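What follows is a set of notes on a single structure, which appears directly below.
For ligands, and for the atoms within them, numbers begin at 1 and follow the listed sequence. Computed from heavy atoms alone, side chains included, the values below leave out hydrogens, waters and symmetry copies. Being a predicted model, the structure only gives us computed values, none of them experimental.
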Amino acid sequence: MTTESFAPGKIILTGEYAVVFGHPGIAVPASLGMRVTYEEDLARPDLTIRWKGIQGGEEWTQYLQGIVEECSEEPDQLFYGTLTVNNALPLGKGMGSSTSLVVATTKALLGEDCETKALAIENTVNPGHSGIDFRVIWNATPLYFKKASEPEAFLLPKDLLAGALLIDTGAPNETTPELVSWVEERKEQLAGPLETIGRCTEQLKAGEDLGAILWEHHRAQIALGVVPLNVQDLIEAIEDAGGSAKVIGAGGKTGGGGMVLAVHQDSESLRNAIPETFPVHML
Ligand code: MEV
């Protein structure tokens, strides 16, 4: 028996960290994602794990093994054969790779009807999360998200992301749960920027200009301390050229800031503002 499942990554347009504290956020599924295939072979003594596409090394294999162990805690679930991850998502760079792997693996092993279990696994492997990544990746549709409320469909205006780019600034040195808990420790002093981020979501929902929203959102992320200096420089160069940009996802304190979403009326000016050292993806 062979089962296969795909889960997309995600792009948070507005709401990082603010969503953890009950403010709203808006996220869309990415076109890239993870495909996980389980080939059951009861004659095999164990489960062999294979990675294709973007590799994550030992750290990601262990993370995947943890998800498999959680799945095998369900009644009558033992897995023998081969589990293949075909990954097109940049890993640990704000595109929801860890949640995408939870969802695709749980669906491949336990079947499509496994939402409760997949969320329980997400709670274990990504402690402190708000639920926005899980919700947009599970639903695979643009969402207006608020913790503890039913998510609402977000009607993505047709040309909102036309010409937008994702810029790879490298993986941060900190994990998302570490960064979330660091922000949590300072939540009283960070109430202002967290509110600003929530307000950016309401502005986006109301159809206001995305460039202006990203400009303000980025400054609030800087105030949270999750935009490394080299990423601030990159975004300043984009703004000087007339565009706007922000980190998507948790960002970082040191190392890279993950992916940056950049928009501009003129795609050539945007390209010219980005130093060649940064890999760029079209949306
Ligand atoms: C991570 O993709 C988004 C954060 O807001 C954390 C979360 O909401 O779980 C930083």
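- In terms of protein heavy-atom proximity, atom 3 (C) of ligand 1 is closest to I12 CD1, 3.7 Å.
- Close approach to V19 involves these atoms of ligand 1, each under 4.0 Å from a residue heavy atom: 5 (O), 8 (O).
- Some N or O of D133 is nearer than 3.5 Å to an N or O of ligand 1, by distance alone.
- Comment: E184 engages K187 in a salt bridge, judged by a side-chain N to carboxylate O separation of less than 4.0 angstrom.
- Each of the following atoms of ligand 1 lies closer than 4.0 Å to a heavy atom of E16: 5 (O).
- Using cut-offs of 30° and 60° on the angle between ring planes, the pair W60 and Y63 is perpendicular.
- Residue I132 has at least one heavy-atom neighbour below 4.0 Å for each of these atoms of ligand 1: 8 (O).
- Using modelled atom types, one finds no donor on one side chain facing an acceptor on the other under 3.5 Å when comparing E39 with Y80.
- Side chains of E216 and T196: no donor on one and acceptor on the other come within 3.5 Å.
- Looking at T141 and V136, their side chains never come closer than 4.5 Å, going by heavy atoms from C-beta outward.
- For ligand 1, the atoms sitting less than 4.0 Å from at least one non-hydrogen atom of V20 are 7 (C), 8 (O), numbered in the order shown with element in parentheses.
- Comment: E152 does not engage K146 in a salt bridge, judged by the lack of any side-chain N to carboxylate O separation of less than 4.0 angstrom.
- A cation-pi arrangement is not found for K246 relative to W215, the charged atom failing to lie both closer than 6.0 Å to the ring centre and inside a 45° cone about the ring normal.
- With a 4.0 Å heavy-atom cut-off, ligand 1 is reached by no atom of L179.
- Close approach to S130 involves these atoms of ligand 1, each under 4.0 Å from a residue heavy atom: 7 (C), 8 (O), 9 (O).
- Atoms of ligand 1 lying under 4.0 Å from at least one heavy atom of H129, given by number and element, are 9 (O).
- The nearest heavy-atom contact from the protein to atom 2 (O) of ligand 1 is K10 NZ, 2.7 Å.
- Shortest contact from atom 6 (C) of ligand 1 to any protein heavy atom: V180 CG2, 3.8 Å.
- Using modelled atom types and a 3.5 Å distance limit, the side chains of E122 and T99 yield a donor-acceptor pair.
- Of the protein's non-hydrogen atoms, Y17 N, 2.8 Å is the one closest to atom 5 (O) of ligand 1.
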